[in-house]
Amino acid sequence: MAVFAVRSDDRWWRERLDRPMNLATTHAISLLTHDEEDRPDSRDVVETMDTECPPPTVCSVPRNGSSDPVVDLAPDRPCPAGGRPADVRAAAGTAVRTEDVVAVGRHPTHGRPVRLFAEPYFAPAAVGDTGRDGAVVPVRGASSALADHRRTPGR
């Protein structure tokens, strides 16, 4: 029974962080529009979601895979829960490549654990390999959820 409780708690603390990030990415993707060149236009995301700390990062990747993810919108102010740009781009690239949500934990330079949640989006007007797909990546501090997880009896 103790093994079940530990495994259940192991999933629970990640889900506790991932659920609100999933809502945030879905909301941000619904606000994204694209310009004539299929580049994401994130003005509505900024106007609506800029109060989060940090606001989500919007990345795009050429459909033909000719380059790494490009950051189209990044937080413009420091935030204690911020992740490393390389980690954000890596999560975005994986989400676009696998066409699925990616959730990973990282330890940025400030030493506090963070959780990244990358959800892919697809450029609506792109034809063939000419468009840019991308991912929205929020980052949240994981310190308190991880501390709760470590306090679980039987650990």
*Could you tell me whether a side-chain N or O of Thr25 sits under 3.5 Å from a main-chain N or O of Asn22, the two making a donor and an acceptor?*
yes

_Pro40 to Asp72 - nearest heavy-atom pair and separation_ = CG-OD2, 3.3 Å

_Quick check on the hydrophobic clustering: are Leu31 and Val58 connected, directly or via other members, by side-chain heavy-atom contacts under 4.5 Å?_
yes

_Please give me the minimum heavy-atom distance between Ala103 and Asp18, naming the atom from each residue._
CB-OD2, 3.7 Å

*For Glu15 and Pro20, which heavy atoms make the closest approach, and how far apart are they?*
O-CD, 4.4 Å

*Specify the closest pair of heavy atoms between Asp41 and Leu32, including all atoms of both residues, with the distance to one decimal.*
O-CD2, 3.9 Å

_With Phe117, the side chain to side chain contact (heavy atoms under 4.5 Å, CB included) member among Val139, Val101, Val137_ = Val101

*Any side-chain heavy atom of Val71 sitting closer than 4.5 Å to one from Val88?*
no

*Locate the shortest heavy-atom distance separating Pro120 from Glu99; write the atom from each residue and the value.*
CG-C, 3.9 Å

*Out of curiosity, does Val104 fall in the hydrophobic cluster containing Val114 (side-chain heavy atoms, cut-off under 4.5 Å, transitive links)?*
yes

*asked:* Let me confirm one number: the OG1-CZ distance from Thr33 to Arg43, rounded to the nearest 0.5 Å.
replied: 6.5 Å

*Distance-minimising heavy-atom pair for Ala118 and Ala91*: CB-O, 3.5 Å

*Can you list the residues that meet the side chain to side chain contact (heavy atoms under 4.5 Å, CB included) rule with Thr98, with sequence neighbours excluded?*
Thr94, Asp100, Val102

*List for me each residue that meets side chain to side chain contact (heavy atoms under 4.5 Å, CB included) alongside Ile29, sequence neighbours excluded, and say none if there are none.*
Glu119, Tyr121, Val136

*Could you list the residues that satisfy side chain to side chain contact (heavy atoms under 4.5 Å, CB included) with Ala90, not counting sequence neighbours?*
none

*Please round to the nearest 0.5 Å and tell me the distance separating atom CG of Leu116 and atom OG1 of Thr57.*
8.5 Å

